[in-house]
Amino acid sequence: MSLSFTSPPRSRRRHHRHNHRTPFLFLFLGIVTILFTQSHARLFTRDLISDGSNFLRLPTDLREESTCEQTYGFLPCTTTVFGNLFLIIVYGFLMYTAATFLSNGSELLLEILGPGIVGGLFLPILGALPDAMLILVSGLSGSPEVAQSQVSVGMGLLAGSTVLLLTIIWGTCVIVGKCDIEDSIALDSTDTRGFHLTGSGVSTDIWTSYAARIMIISVIPFLIVQLPQILHSTSGRHLAVLIGFVVSVCLLISYCLYQIFQPWIQKRKLEYIKHKHVIVGLLRHLKMRSLGRLLNDDGTPNKEVIKKLFATIDENKDGHLTHGEMTALVVGIQFEEIDLEHDDAVRRIMADFDTSRNQLIDEEEFVTGVCRWLQAAGRSRAPAGDAGSHTVKFLSDFHTETKREHDLLDVGGHGDEVSEGVENAKWISIKAGLFLLLGSLIAAAFADPLVDVVDNFSDATSIPAFFISFIFLPLATNSSEAVSAIIFASRDKRQTASLTFSEIYGAVTMNNVLCLSVFLALVYVRGLTWDFSSEVLVILIVCIVMGAFASFRTVFPLWTSIIAILLYPFSLALVYVLDYQFGWS
């Protein structure tokens, strides 16, 4: 599925706009290939596929003797290995083109309308559309018996996309985006240690960790639908599929709502951290100006000293601190690390301390506000021994903690990506609509032929359709955005790494909720058998391992890429062993 989790920076969108002509060329070549094949279908089928007199003929045991059935009654088909392989490449190329159109159209639409409804609802769904189409047609074809045999193509795509994103693509992004790691932070555009397994890697912001946790939650429907097999029960399988479908749809709605409101949530959290920066600077400044210790020996605020501070700041001795008096107080505080003006700092302090909302801070409000924040700072580190002697120390710790929180929440560029005006908005809107329409039409038109060809190739080679779809179909539906993500990660910046990995986790989440919802709906409505224990186990292992790994850390040394990449062959081997050695499916 396409990787569309959050709004890309403008520089990246410009890169996409410069390449919008390329997909049209790809589409033209693909359609010409189809038309050429169809116009010569009789000759092609007789001479290159059905006729054994040429060099493409395979041994009898690798050919299907029965004739094939043309999709839509006119698209070319074949029963030979090379013929089906050729058609897989052609149809896969067209699905890749559809995914590229959808990706480009989504980014153009996002550039005009910004995040929120577009970024949170339409982009994730449009990104998952090619995969969802393939899964849908894999279970709609023919009788229930035919659908049961072809539905493994859909499961192969579902599992293959998830595993590919979290292993090969994830590991490659770490390798190409590696920078020197210092104090658990990757230094932007600094790569002097080469392929050092622990001293080189990437780091992300805390929002990326949240995306990984959401990804773990999204595997719940897999667990629900798998419960009857775990309990060795046959009576509740159909009901488990229905419950899994309902839960999956609920998670899909919840995820889209979270995506819609995420910019607002992120802005509120960043505002709070900036506010903490101001208060920490104020407390440290007050400590330097105080005529005694701000804390008593038992660690409680020293109200008498705080009252003396108030009297010192109250220049006209009217019992109130005005905006001008607070401005004179904060002039000496340094806020450069969060790019905050002194007027903004005064506004934040007045809003926090002035509980009566009369634009003045009286003595009681001042003492209450300082005591509240001193207690908050004290909770960040429990002082030992004489609390008063540790006032400077725990204020310094509180400042360090606040700075780290700000660093994790904001690596630069969030929220300002679509603030600039967009030239030719009408033309860009039309262009975005055409991209989305054309991509949707191509995906809808060639999903069914691609599933049929994979099934025919499986028959011709005796290779299970699951493994063919697991390996090849994700390359068609994910390759465009995968290449884009890898190129983007190679910019060696923490901001781009955060965006890249957030997109990967978001794409897997949409796999686990949207695509699985489509799959479970097919299984339930058509009365198919859910018999994918090994495939579900692989998805659970990869999602939980990589998700847990990314949920509780923001720095990924180079050795983590090795583990991720090795999970791909491990997944294939595990499915093979469980299915064909232990007979799970």
Gap separating the [atom1] atom of [X] from the [atom2] atom of [Y], nearest 0.5 angstrom:
{"X": "Met155", "Y": "Asp531", "atom1": "CE", "atom2": "CG", "value": "10.0 Å"}
{"X": "Phe570", "Y": "Ile563", "atom1": "CZ", "atom2": "CD1", "value": "12.5 Å"}
{"X": "Ser203", "Y": "Ile185", "atom1": "OG", "atom2": "CD1", "value": "5.0 Å"}
{"X": "Ile544", "Y": "Ile539", "atom1": "CD1", "atom2": "CD1", "value": "11.0 Å"}
{"X": "Ile230", "Y": "Leu223", "atom1": "CD1", "atom2": "CG", "value": "6.5 Å"}
{"X": "Thr162", "Y": "Asn511", "atom1": "OG1", "atom2": "CG", "value": "4.0 Å"}

Does any non-hydrogen side-chain atom of [Y] lie less than 4.5 Å from one of [X]?
{"X": "Leu578", "Y": "Ser533", "value": "no"}
{"X": "Leu134", "Y": "Val153", "value": "no"}
{"X": "Leu251", "Y": "Tyr255", "value": "no"}
{"X": "Tyr524", "Y": "Trp530", "value": "no"}
{"X": "Lys178", "Y": "Phe195", "value": "yes"}
{"X": "Ile541", "Y": "Leu574", "value": "yes"}
{"X": "Leu514", "Y": "Thr509", "value": "no"}
{"X": "Cys179", "Y": "Val202", "value": "no"}

In terms of the angle between their ring planes, are Tyr210 and Trp207 parallel, tilted or perpendicular, with boundaries placed at 30° and 60°? perpendicular

Relative to each other, are the rings of Phe532 and Phe519 parallel, tilted or perpendicular (30° and 60° limits)? perpendicular

Could you check Thr477 against Asp131 for side chain to side chain donor-acceptor pair (under 3.5 Å), going step by step and ending with a plain yes or no? CA-CA 7 Å; Thr477 58; Asp131 290 42; 3.2 Å; yes

So which heavy atom on [X] is nearest to which on [Y], and how close?
{"X": "Leu558", "Y": "His196", "value": "CB-O, 3.6 Å"}
{"X": "Ala212", "Y": "Gly547", "value": "CB-O, 3.8 Å"}
{"X": "Pro130", "Y": "Met95", "value": "O-CE, 3.9 Å"}
{"X": "Ile216", "Y": "Ala548", "value": "CD1-N, 3.3 Å"}
{"X": "Val542", "Y": "Thr167", "value": "CG1-CG2, 4.3 Å"}
{"X": "Ala128", "Y": "Cys515", "value": "O-SG, 4.1 Å"}

Step by step, work out the side-chain contact (heavy atoms from CB on, under 4.5 Å) result for Leu567 and Val163. CA-CA 8 Å; Leu567 279 175; Val163 173; over 6 Å; no

Indicate whether the side chain of Thr208 and that of Ser502 have a donor and an acceptor atom separated by less than 3.5 Å. yes

Between the side chains of Asp579 and Ser534, is a donor N or O closer than 3.5 angstrom to an acceptor N or O? yes

Any cation-pi pair here, Arg213 with Phe552, using under 6.0 Å and within 45°? yes

Is the distance between the ring centroids of Trp170 and Tyr568 less than 6.0 Å? no

Test your reading of the model: is there a side-chain donor-acceptor pair from [X] to the backbone of [Y], 3.5 Å cut-off?
{"X": "Arg237", "Y": "Pro228", "value": "no"}
{"X": "Thr560", "Y": "Pro557", "value": "yes"}
{"X": "Glu535", "Y": "Ala159", "value": "no"}
{"X": "Asp180", "Y": "Leu187", "value": "no"}
{"X": "Thr97", "Y": "Phe93", "value": "yes"}
{"X": "Arg526", "Y": "Leu528", "value": "no"}

Kindly indicate, with the supporting measurements, whether the criterion side-chain contact (heavy atoms from CB on, under 4.5 Å) is fulfilled by Tyr505 and Leu165. CA-CA 8 Å; Tyr505 303 143; Leu165 288 168; over 6 Å; no

Before giving the answer on side-chain contact (heavy atoms from CB on, under 4.5 Å), spell out for Ser440 and Leu129 the whole-Å C-alpha distance, their side-chain angles and the decisive distance to 0.1 Å. CA-CA 8 Å; Ser440 300; Leu129 188 61; 3.5 Å; yes

Flag if over 12 foreign heavy atoms under 6.0 Å of CZ, Phe472: no

Stepwise, does the side-chain contact (heavy atoms from CB on, under 4.5 Å) test hold for Leu473 with Val451? CA-CA 9 Å; Leu473 293 191; Val451 171; 5.6 Å; no

Out of Ser248, Ser517, Cys250, which one pairs with Pro221 under the side-chain contact (heavy atoms from CB on, under 4.5 Å) rule? Ser248

